[in-house]
2 protein chains.
Amino acid sequence: MSPTRKSAKRELPVLNDDPRSWEFRAAVAMLRLQGRLERCLSDGLAAHGLTLAQFDVLMTLCHGDGITQQELAEWLLVTKANVVGLIDRVEAAGWVERRADPDDRRVKRLYLTNAGRKLARKAQPGQHTLIQRIFGRLSEAELRQLHGMLVRLEKACSEGG
Amino acid sequence: MSPTRKSAKRELPVLNDDPRSWEFRAAVAMLRLQGRLERCLSDGLAAHGLTLAQFDVLMTLCHGDGITQQELAEWLLVTKANVVGLIDRVEAAGWVERRADPDDRRVKRLYLTNAGRKLARKAQPGQHTLIQRIFGRLSEAELRQLHGMLVRLEKACSEGG
DNA sequence: TATTGTTATACTCTATAACTATA
DNA sequence: TATAGTTATAGAGTATAACAATA
């Protein structure tokens, strides 16, 4: 955690205490957790010179080398134009490379370099430790429930979104 | 949803199927949901000319008018320098105003203008509808459980972060 | 000395539109 | 015509450091 970014000391108006629906309270708690979680994980990645988005790219390619930029854009839920800049950066860093597709000369397929794979493996343990420390507060039964709920919620997001 | 940002059609390597710990699977599902959720809610706010961060400011001030910029920074988990830009924008839009603190001439306290309060009230129903549509997939019992777990996870983030 | 807010600078991520080269 | 990737442009958010005014 950077020195200028401290955690709140004083109690501020807590939205969670509102007399609102449980849907709303859960959503607010989700958004607040999102901010915290993102920052926790980002701080852990900064030591490796990685942003969360870049780590996301590495992890995606770790599990599915050779996808196209368009597919990565759909997976990350960003536009293909965004993927260009994202890949430009990780390619400049030497972690990912674009290779022409022999069958369709329009497409470029993305592959991890050895350095990228190595970095992914190096950065993962720290992320795992953080995740263990945070999510380890819940029992395995709770984690299973949570996982199920999150998957259903994501499905709801995708369908109507 | 913008026309160039489509939802994924093809099945891509799904990290959730990894033979990993439930902590990890839950975390991955959480991060994916949070990305989706952010985009859903952002898209809903764009119609009102608001970003999620700006709506967050309005909602915070709705429930706690008169906080200082430093307090807002701690609440939003960003640096005070970031708050300057954030408030510059919502102040320029006429939704928030800075007022000098009579007791401490260093601090500036933040207040919603009438326009800001009106906008917050106008933008809220759409957000509520979205939240209802997504989180309404879960039963009230599940939502209570989820809420409890999210609060515990956020606490875990804050403590060790 | 410490704190509040500010300015200055730079980088990442994102959205949009127009463009190219292929198909 | 449609698609994959690119370029160009703009704006928002963030991190960092140095600064002014005040306590």
Side-chain angles (χ1 to χ4, degrees), chain A residues 1-6 9-10 34-36 38-39 41-43 45-47 49-57 66-93 96-110, chain B residues 1-6 9-10 34-35 38-43 45-47 49-57 67-74 76-93 96-110:
Chain A
M1 179 82 75
S2 53
T4 47
R5 203 169 64 205
K6 304 173 219 161
K9 294 165 207 159
R10 225 196 69 165
Q34 174 174 17
R36 296 263 189 196
E38 254 176 15
R39 278 171 183 75
L41 297 177
S42 293
D43 286 345
L45 290 171
L50 279 166
T51 66
L52 201 50
Q54 289 167 356
F55 185 67
D56 212 351
V57 170
I67 62 174
T68 69
Q69 294 190 189
Q70 182 64 45
E71 287 168 346
L72 183 61
E74 288 164 7
W75 177 246
L76 298 179
L77 298 175
V78 296
T79 64
K80 56 185 181 172
N82 295 143
V83 165
V84 174
L86 201 50
I87 298 300
D88 280 350
R89 285 183 284 272
V90 291
E91 192 176 40
V96 170
E97 61 180 20
R98 295 166 157 107
R99 293 190 208 154
D101 184 314
D103 295 337
D104 186 338
R105 293 170 60 193
R106 289 173 306 180
V107 325
K108 288 177 185 169
R109 298 194 172 272
L110 303 171
Chain B
M1 181 82 72
S2 53
T4 47
R5 201 169 66 206
K6 304 172 218 160
K9 293 165 207 158
R10 227 198 68 166
Q34 287 176 340
E38 215 177 20
R39 280 171 182 76
C40 272
L41 297 177
S42 292
D43 286 344
L45 290 171
L50 279 166
T51 66
L52 201 50
Q54 289 166 357
F55 184 67
D56 212 349
V57 170
I67 62 174
T68 69
Q69 294 189 189
Q70 182 63 42
E71 287 168 346
L72 182 61
E74 287 165 8
L76 298 180
L77 297 174
V78 297
T79 65
K80 56 186 181 171
N82 295 142
V83 165
V84 173
L86 199 50
I87 297 301
D88 281 349
R89 285 184 283 272
V90 291
E91 191 176 41
V96 170
E97 62 180 20
R98 294 166 158 108
R99 292 191 207 151
D101 183 312
D103 296 335
D104 186 338
R105 292 170 62 194
R106 289 174 305 180
V107 325
K108 288 177 185 169
R109 298 193 171 272
L110 303 172

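Every chain is numbered from 1 and lettered A, B, ... according to where its sequence line falls, protein lines coming before strand lines.
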Nearest to the T79(A) side chain among dC13(C), dG13(D), dT16(C), which nucleotide is it?
dT16(C)
Between C1' of dT14(D) and CG of D43(A), the distance in whole Å:
12 Å
Could you go step by step and tell me if L86(B) and L76(B) meet the side-chain contact (heavy atoms from CB on, under 4.5 Å) rule?
CA-CA 11 Å; L86(B) 199 50; L76(B) 298 180; 3.8 Å; yes
Salt bridge check: are R36(A) and E38(A) linked by an N-O gap of less than 4.0 Å?
no
Rounding to an integer number of Å, can you tell me how far Q70(A) CD sits from dA2(D) P?
16 Å
Starting at the 5' end of DNA chain D, which residue's closest nucleotide do you reach first, D104(A) or G85(A)?
D104(A)
Between dC11(C) and T51(A), is there an OP1 or OP2 to side-chain N/O distance shorter than 4.0 Å?
no
DNA chain C: 5'-proximal contact among L76(A) and P102(A) (nearest heavy atom)
L76(A)
Nearest to side-chain heavy atoms of V78(B), which nucleotide of dT22(D), dA23(C), dT14(D):
dT14(D)
Can you find a side chain N or O atom of R39(A) that sits less than 4.0 Å from OP1 or OP2 on dT14(D)?
yes
Can a side chain N or O of R98(A) be found less than 4.0 Å away from OP1 or OP2 on dT6(D)?
yes
Are the side chain of E91(B) and the backbone N or O of R98(B) linked by a donor-acceptor pair below 3.5 Å?
yes
Is any side-chain nitrogen or oxygen of R89(B) closer than 4.0 Å to OP1 or OP2 of dG13(D)?
yes
Between P on dG5(C) and CD on E97(B), what's the gap in Å once rounded to a whole number?
16 Å
Please report the distance, rounded to the nearest Å, between CD in E91(B) and C1' in dG5(C).
13 Å
If you round to the nearest 0.5 Å, how far is CZ of R106(A) from CD of Q70(A)?
10.5 Å
Of L86(A) and T68(B), the one whose closest DNA chain C nucleotide lies more 5':
T68(B)
Sidechain-backbone polar pair: R39(A) side chain, L77(B) backbone, donor-acceptor under 3.5 Å:
yes
Nearest to the side chain of V84(B), which nucleotide is it out of dT22(D), dT7(C), dT7(D)?
dT7(C)
Indicate, yes or no, whether a donor-acceptor pair under 3.5 Å links the base of dG5(C) to the side chain of K80(B).
yes
Heavy-atom donor-acceptor pair, Q54(A) side chain to T51(A) backbone, under 3.5 Å:
yes
Whole Å only: how far is the NZ atom of K108(B) from the C1' atom of dT22(D)?
12 Å
Applying a 4.0 Å non-hydrogen cut-off, can you work out what D101(A) is touching in the nucleic acid: base, sugar-phosphate, or nothing?
nothing
In this structure, how many angstroms lie between the P atom of dG5(C) and the CG atom of L72(B), rounded?
10 Å
Can you find a donor-acceptor pair, distance only, under 3.5 Å between R106(B) side chain and dT3(C) base?
yes
Send over the distance from Q69(B) CD to dT4(C) P, rounded to a whole Å.
11 Å
Which nucleotide in the set dT6(D), dG5(C), dC13(C) lies at the smallest distance from any side-chain heavy atom of V107(B)?
dG5(C)
Expressed as a whole number of angstroms, how long is the span from D88(B):CG to dA8(C):P?
12 Å
